[in-house]
Structures are given as structure tokens and as C-alpha cells.
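Right, one structure below, let's go through it.
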Number of protein chains: 2
Amino acid sequence: MTNASAMLTALGDPTRQSIVDALSREPLAVGELARVLPISRPAVSQHLKVLKDVGLVLDRQEGTRRLYRVDPDALAEVRRHLDAFWERSLAAFEHRTRSEEDHSDRHDQHDPGDPA
Amino acid sequence: MTNASAMLTALGDPTRQSIVDALSREPLAVGELARVLPISRPAVSQHLKVLKDVGLVLDRQEGTRRLYRVDPDALAEVRRHLDAFWERSLAAFEHRTRSEEDHSDRHDQHDPGDPA
DNA sequence: AGTATCGGTAAGTGCTAGCTTACGGTTCGT
DNA sequence: ACGAACCGTAAGCTAGCACTTACCGATACT
């Protein structure tokens with residue numbers, strides 16, 4: 001499992017999506033997040049651990065508090081991962097559409113080898 | 001919960017990521033997917049139902065088989081959603097960096113109001 | 001030093017996501 | 001009409017996830 005898919009998996013939880021959403025606007029401490037979200041502070045801590053383990057968020061000690069923020073580079077990595085899916089699906093679709101004109105019965109549509 | 005976040009949640013499962021991965025390359029029937037994946041055919045069916053409910057995949061009857069494929073537009077929507085996170089986190093970061101020069105002790109950093 | 005705030009972690013619980021087997025319906029071939 | 005292949009759904013089980021409360025260490029203030 002690549003790092004990008006691990007991040008995607010971490011983003012699967014709606015609560016963690018809310019956390020990333022909030023943190024993307026401005027860095028927040030754990031208690032501040034817990035005040036906004038409908039869950040307890042330890043629950044927030046556990047979610048932040050998950051997000052931190054996959055590299056989606058960064059933390060920095062600020063006195064007695066601990067400020068969490070989103071790592072833009074990590075988000076960019078997830079985006080690239082989705083882009084790969086998107087481009088491939090688009091390519092497959094267009095390939096299908098093109099070969100619709102001369103649709104023969106042969107179904108070896110993978111790697112046509114550009115028969116010039 | 002918006003549609004994009006629902007799709008993101010559906011993509012949270014690693015098996016579903018594999019399914020989308022496979023389907024992005026070329027449309028496949030349920031049985032073909034089950035042959036590749038380490039799970040049973042009904043399990044694949046259930047995953048496909050989840051993906052279809054959020055609009056990530058499309059299906060079309062092909063004789064006795066049922067071909068599933070990825071909807072590129074849906075993937076694009078998820079991508080845009082992540083883009084929003086990314087842009088905001090980047091903006092927040094740069095804002096922080098800029099206001100680092102004149103960092104006073106006041107911590108009302110939200111909406112400084114551009115004090116000319 | 002004493003106190004308060006903040007936050008990570010341990011322990012325990014409920015629920016549901018994901019899986020399997022079993023069954024039934026539909027489409028194609030003979 | 002019969003059999004085969006394909007697939008969706010029901011039913012049931014289990015592992016793990018998300019949550020809570022309780023506890024403890026660390027940092028800052030007076």
C-alpha cells in the first residue's frame with residue numbers, strides 16, 4: 001500500500017475529513033478542534049494521530065498547546081494519486097469510444113500497438 | 001455531507017481503491033474483478049454497490065454480464081474537493097509565513113482586517 | 001512549590017463495515 | 001425446455017473502528 005492510498009484511507013472517515021477541513025483554514029490546537037467537533041478531546045487526539053501517522057498533518061508544540069496544521073504537500077500527493085485514476089479512466093473511455101467505430105469481435109483492446 | 005465527501009468516504013476502503021484502480025484501466029465484469037481480488041464475488045458486488053451509490057462507477061448490462069466502469073466526472077469532483085483543501089491549506093500557510101515578519105503578541109490572527 | 005491548563009494514552013464498550021455461504025432471478029446456448 | 005453462467009441480495013458472523021471515561025505527564029503562571 002503506497003503512502004497516497006494510506007492517506008486516502010485515512011481520509012475515509014467523515015470526522016477526519018472535518019478535521020482536515022478545519023485545519024486547512026488555520027492551524028488549531030486539540031482542544032479548539034474538540035470544541036468545534038461533536039466528539040470528545042481524546043477522540044480528536046486519536047484522529048490526529050491517524051492523520052499524523054500517514055503524514056497528512058504536522059504538529060508543533062506551542063507552549064502548553066500543540067498546534068496541528070495540514071501539510072499541503074501531502075494533500076498534493078493524494079491529489080496526484082486521484083489524478084492517475086482520473087486520467088486512466090478518461091483514457092480508457094476515449095479509447096473505447098474511438099474503437100467503437102471499427103468495433104470488431106476481437107476484445108484484445110489492451111495495448112493495440114499503434115498499427116500505423 | 002456533500003457528494004464529494006461521500007465519494008471520498010467510499011474511497012476509504014483499500015479494497016474499493018483496488019476496484020477503482022482496476023476499473024480505471026478498463027471496464028470489467030463482476031466475476032472478472034472477483035478473480036483478480038482476494039475476496040468472493042458477492043463481496044465485490046457489495047463494494048460495487050457502494051461505489052455506484054455515490055456515483056463513482058457506472059454499470060451497463062452486457063448480455064448476461066454486467067460491465068462496471070469508472071465515471072471520470074465523479075473522480076474529477078473528488079479531485080476538486082481535495083483541491084479546495086489543498087488551496088486553503090496553502091493559503092493559510094503563506095498567510096502565516098507573511099505575518100511572521102510583524103508578529104506581535106496579539107493572537108487574533110483570524111481576519112486581521114487589513115489595517116492599511 | 002502549588003495549581004491549572006493542555007494533551008497523549010490506556011482500558012473498555014457498542015456498533016457497523018466487510019466478509020462468507022446460501023439462495024433466487026435473469027440471460028444465453030443447445 | 002433444460003442446463004449453464006452470471007450476478008444481486010439475504011442472513012449471519014467477526015474483527016476492528018470510533019467513541020467514552022479515567023489517568024498521567026508536561027508546561028506555564030503566581
Side-chain angles (χ1 to χ4, degrees), chain A residues 1 5-23 26-70 103 105 107, chain B residues 1 5-23 26-70 103-109:
Chain A
M1 193 186 216
S5 51
M7 292 193 265
L8 200 53
T9 304
L11 281 175
D13 182 72
T15 300
R16 282 197 284 271
Q17 291 177 23
S18 300
I19 291 179
V20 170
D21 185 10
L23 291 184
E26 75 176 324
L28 289 174
V30 181
E32 295 172 334
L33 275 172
R35 243 165 265 135
V36 176
L37 300 170
I39 59 177
S40 69
R41 185 190 49 75
V44 174
S45 246
Q46 291 159 10
H47 280 302
L48 286 172
K49 175 172 174 47
V50 174
L51 292 172
K52 184 184 170 186
D53 282 346
V54 298
L56 272 172
V57 302
L58 305 172
D59 61 332
R60 105 174 190 262
Q61 198 80 19
E62 182 86 5
T64 168
R65 306 194 313 161
R66 181 172 286 260
L67 282 182
Y68 283 87
R69 65 182 185 89
V70 174
H103 66 294
D105 294 18
H107 14 95
Chain B
M1 194 185 215
S5 51
M7 291 193 265
L8 199 54
T9 304
L11 281 174
D13 183 72
T15 300
R16 281 196 286 271
Q17 291 176 24
S18 301
I19 290 179
V20 171
D21 186 10
L23 291 184
E26 73 176 326
L28 290 174
V30 181
E32 295 171 333
L33 275 172
R35 244 165 264 134
V36 175
L37 300 171
I39 58 177
S40 70
R41 186 192 48 76
V44 174
S45 247
Q46 290 159 10
H47 280 303
L48 285 172
K49 174 172 173 48
V50 173
L51 292 172
K52 185 184 170 187
D53 282 345
V54 298
L56 271 171
V57 303
L58 305 172
D59 61 332
R60 105 173 190 262
Q61 198 81 18
E62 183 85 4
T64 168
R65 307 193 313 161
R66 180 171 287 260
L67 281 183
Y68 284 86
R69 64 181 185 90
V70 174
H103 67 294
S104 56
D105 295 17
R106 310 185 292 124
H107 15 95
D108 56 342
Q109 69 278 15

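Order of the sequence lines sets the chain letters (A, B, ...), proteins ahead of strands, with each chain counted from 1. Below, each value reflects all heavy atoms present in this structure, side chains not excepted, and no hydrogens, waters or symmetry copies. Keep in mind it's a predicted model, so treat the numbers as computed, not measured.
At a cut-off of 3.5 angstrom, the base of dT26(C) holds no donor-acceptor pair with the side chain of Q61(B). The base of dT27(C) has none of its N or O atoms less than 3.5 Å from a complementary donor or acceptor on the side chain of E62(B). On a pure distance criterion of 3.5 Å, no polar donor-acceptor pair joins the side chain of R16(B) and the base of dG18(C).
How far CD of Q46(B) is from CG of L51(B): 12.0 Å, rounded to the nearest 0.5 Å.
In this structure, of dG8(D), dA11(C), dT9(D), it is dG8(D) that holds the atom nearest to the side chain of V30(B). Each of dG7(C), dC6(D), dT9(C) was ranked by its minimum atom distance to the side chain of A29(A); first place goes to dG7(C). Between dT20(D), dT5(C), dC19(C), one nucleotide has an atom nearer to the side chain of I39(B) than all others, and that is dC19(C). Nearest nucleotide to the side chain of A43(A), out of dC6(C), dC19(D), dG8(C): dC19(D). Side-chain proximity of P42(B) to the nucleotides dG8(C), dC19(C), dA22(C) is greatest for dA22(C). Candidate nucleotides dT9(C), dG8(C), dT21(C) were compared by shortest atom distance to the side chain of K49(A), and dT9(C) ranks first. For T64(A), counting side-chain heavy atoms from C-beta on, the closest listed nucleotide (dT5(C), dA18(D), dG8(C)) is dT5(C). Listed nucleotides: dG8(D), dA10(C), dG8(C). Nearest to the side chain of Y68(B): dG8(D).
Formation of a donor-acceptor pair under 3.5 Å by the R69(A) side chain with backbone atoms of L58(A) is not found in this model. Side chain of E32(A) to main chain of A29(A): a donor-acceptor pair is present (N/O by atom type, distance under 3.5 Å, no hydrogens or angles). Judged purely by atom type and a 3.5 angstrom limit, E62(A) has no side-chain atom pairing as donor or acceptor with the backbone of L67(A).
Applying the 4.0 Å criterion to OP1 and OP2 of dC6(D), one finds that S45(B) has every side-chain N and O outside that range. Between S40(B) and the phosphate of dT20(C), there is a side-chain N or O to OP1/OP2 separation shorter than 4.0 Å.
Distance NZ (K52(A)) to P (dT9(C)): 8 Å, rounded to an integer number of Å. As rounded to whole Å, 14 Å separates atom C1' of dC6(C) from atom CG of L48(A). When the C1' atom of dC6(C) is taken as reference, atom CZ of R41(A) falls 7 Å away, rounded to whole Å. Computed from coordinates, the R60(A) CZ to dG7(C) C1' distance equals 17 Å when rounded to whole Å. Rounded to whole angstrom, the span from the CD atom of Q46(B) across to the P atom of dA17(C) amounts to 12 Å. Between the CG atom of L11(A) and the P atom of dA18(D) there is a distance of 12 Å, rounded to whole Å. Note: CD (E32(A)) to P (dC6(C)) measures 9 Å, nearest angstrom. Spacing between atom CG of D59(A) and atom C1' of dT9(C) amounts to 15 Å, rounded to whole angstrom units.
Annotation for V57(B) and L48(B): closest pair CG2-O, 4.0 Å, computed over non-hydrogen atoms.
Nearest-nucleotide positions on DNA chain D place V44(B) closer to the 5' end than the other of V44(B) and V50(A). Between R65(B) and D13(A), the residue whose closest nucleotide on DNA chain D is further toward the 5' end is R65(B).
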TODO: Check the pair I39(A) / V44(A) against side-chain contact (heavy atoms from CB on, under 4.5 Å), numbers first and verdict last.
DONE: CA-CA 7 Å; I39(A) 59 177; V44(A) 174; 3.8 Å; yes

